[in-house]
Amino acid sequence: MPRQRKRVSGCAPEPEMEAPSGKRTKATKTETLDKPVVEEKTADSPKKDQASKHCGNEPSAYWLMKSEPESRLEKGIDVKFGIEDLKAQPKQTACWDGVRNYQARNFLRAMKLGEEAFFYHSNCKEPGIAGLMKIVKEAYPDHTQFEKDSPHYDPSSKKDNPKWSMVDVQFIRMTKRFIPLAELKVHHQAHKANGGPLQNMALFTRQRLSVQPLTQGEFDFVLSLEDKKPS
DNA sequence: GCCAACGTTGGC
DNA sequence: GCCAACGTTGGC
């Protein structure tokens with residue numbers, strides 16, 4: 001799958017412009033939205049259901065979405081899209097395009113208006129959580145799947161039954177301080193031993209998933225780190 | 001740049 | 001349906 005990245009604002013209405021980056025994956029179930037459930041699953045095919053197996057079961061209200069803040073070319077197009085890029089969009093809103101992983105797509109499709117997500121910087125010098133954003137438009141077809149020049153073009157996807165979805169997100173704020181992956185990892189390791197809130201965090205248990213749910217406990221714990229000294 | 005993790009593809 | 005080969009993600 002692709003990396004995720006998102007694109008920029010108002011994607012929905014106008015098809016032209018380029019879409020910048022994209023994120024990496026995401027996905028939901030099969031076509032039309034079937035149910036609101038969150039599923040995860042892995043694979044691909046469109047199966048669905050069973051969702052609630054491990055990761056999150058019920059609809060999560062909190063998410064973590066990865067994007068690359070540093071320039072990198074894919075099919076000659078720069079996929080860079082960091083939180084500063086989101087902030088710079090009109091209305092500080094962008095569409096999160098480019099997710100090409102079924103599990104991630106399913107999470108995108110499960111997102112509801114107003115839900116909050118951490119903006120995570122991946123594949124860069126300092127990976128970690130940079131800020132908060134919210135879902136301002138629920139899942140709709142990712143137009144980049146039909147664009148031949150897009151790094152995320154998918155020739156197998158048909159217009160009358162789009163495979164990939166995206167949501168629109170709006171910048172809320174930067175975290176009071178950048179929360180590095182390394183710091184989260186230290187807590188995750190400790191929590192595995194003592195049963196703390198980050199013991200099953202998807203960032204570590206589902207390594208390559210670019211759109212992932214967080215439990216309330218995970219979300220609250222991560223946010224509490226903002227006010228603490230970097231460990 | 002290396003490479004481990006892990007998802008996808010395709011032969012059989 | 002198994003599984004080896006391959007491709008991608010993404011930390012380091």
J.: Atom CG of A/L181 and atom P of C/dG10: how far apart are they, to the nearest Å?
T.: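 In whole Å, C/dG10 P lies 11 Å from A/L181 CG.
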J.: Report yes or no: is the cationic atom of A/K159 (NZ for Lys, CZ for Arg) closer than 6.0 Å to the six-membered ring centre of A/F146, at no more than 45° off its axis?
T.: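 Yes, a cation-pi geometry.
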J.: Please give, in whole Å, the distance from C/dT8 P to A/K75 NZ?
T.: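 To the nearest whole Å, that distance equals 12 Å.
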J.: Give a yes/no answer on whether the side chain of A/K185 brings an N or O atom under 4.0 Å of OP1 or OP2 in C/dC12.
T.: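 For C/dC12, OP1/OP2 do have a side-chain N/O of A/K185 under 4.0 Å.
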J.: Look at A/E226 together with A/K228 and state whether they make a salt bridge at an N to O cut-off of under 4.0 Å.
T.: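 A/K228 and A/E226: not salt-bridged.
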J.: From CE of A/M65 over to P of C/dG10, roughly how many Å is that when rounded to an integer?
T.: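 The answer, rounded to whole Å, is 13 Å.
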J.: Rounded to whole angstrom units, what separation is found between the CZ atom of A/R100 and the C1' atom of C/dG7?
T.: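 Distance, rounded to whole Å: 16 Å.
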J.: A/F119 vs A/H121 aromatic rings, parallel, tilted or perpendicular, using cut-offs 30° and 60°?
T.: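 Perpendicular, since the angle between the ring planes exceeds 60°.
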J.: Looking across every strand, which nucleic acid part, if any, lies under 4.0 Å from A/K125 by heavy atom: base, sugar-phosphate, or nothing?
T.: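 If one applies the 4.0 Å heavy-atom cut-off, A/K125 turns out to touch nothing in the nucleic acid.
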J.: Relative to A/F81, does A/K66 satisfy both conditions: NZ or CZ under 6.0 angstrom from the six-membered ring centre, and within 45 degrees of the ring's axis?
T.: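 No cation-pi geometry.
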J.: Rounded to whole Å, how long is the line connecting atom CG of A/D154 with atom C1' of B/dT9?
T.: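 Result: 14 Å.
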J.: With a non-hydrogen cut-off below 4.0 angstrom, is A/F204 in contact with a base, only sugar-phosphate, or nothing?
T.: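 Nothing: the residue A/F204, judged by heavy atoms under 4.0 Å, touches no strand.
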J.: Any side-chain N or O of A/R206 less than 4.0 Å from the OP1 or OP2 oxygen of B/dG7?
T.: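 True: A/R206 side-chain N/O within range (under 4.0 Å) of B/dG7 OP1/OP2.
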J.: Atom CG of A/N123 to atom P of B/dG1: distance rounded to whole Å?
T.: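 Atom-to-atom, A/N123 to B/dG1, this comes out as 13 Å.
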J.: What is the distance from NZ of A/K66 to C1' of B/dA5, rounded to the nearest Å?
T.: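 To the nearest whole Å, that distance equals 11 Å.
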J.: Write down the distance between CG (A/L209) and P (C/dG10), rounded to a whole number of angstrom.
T.: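 Atom CG in A/L209 sits about 8 Å away from atom P in C/dG10.
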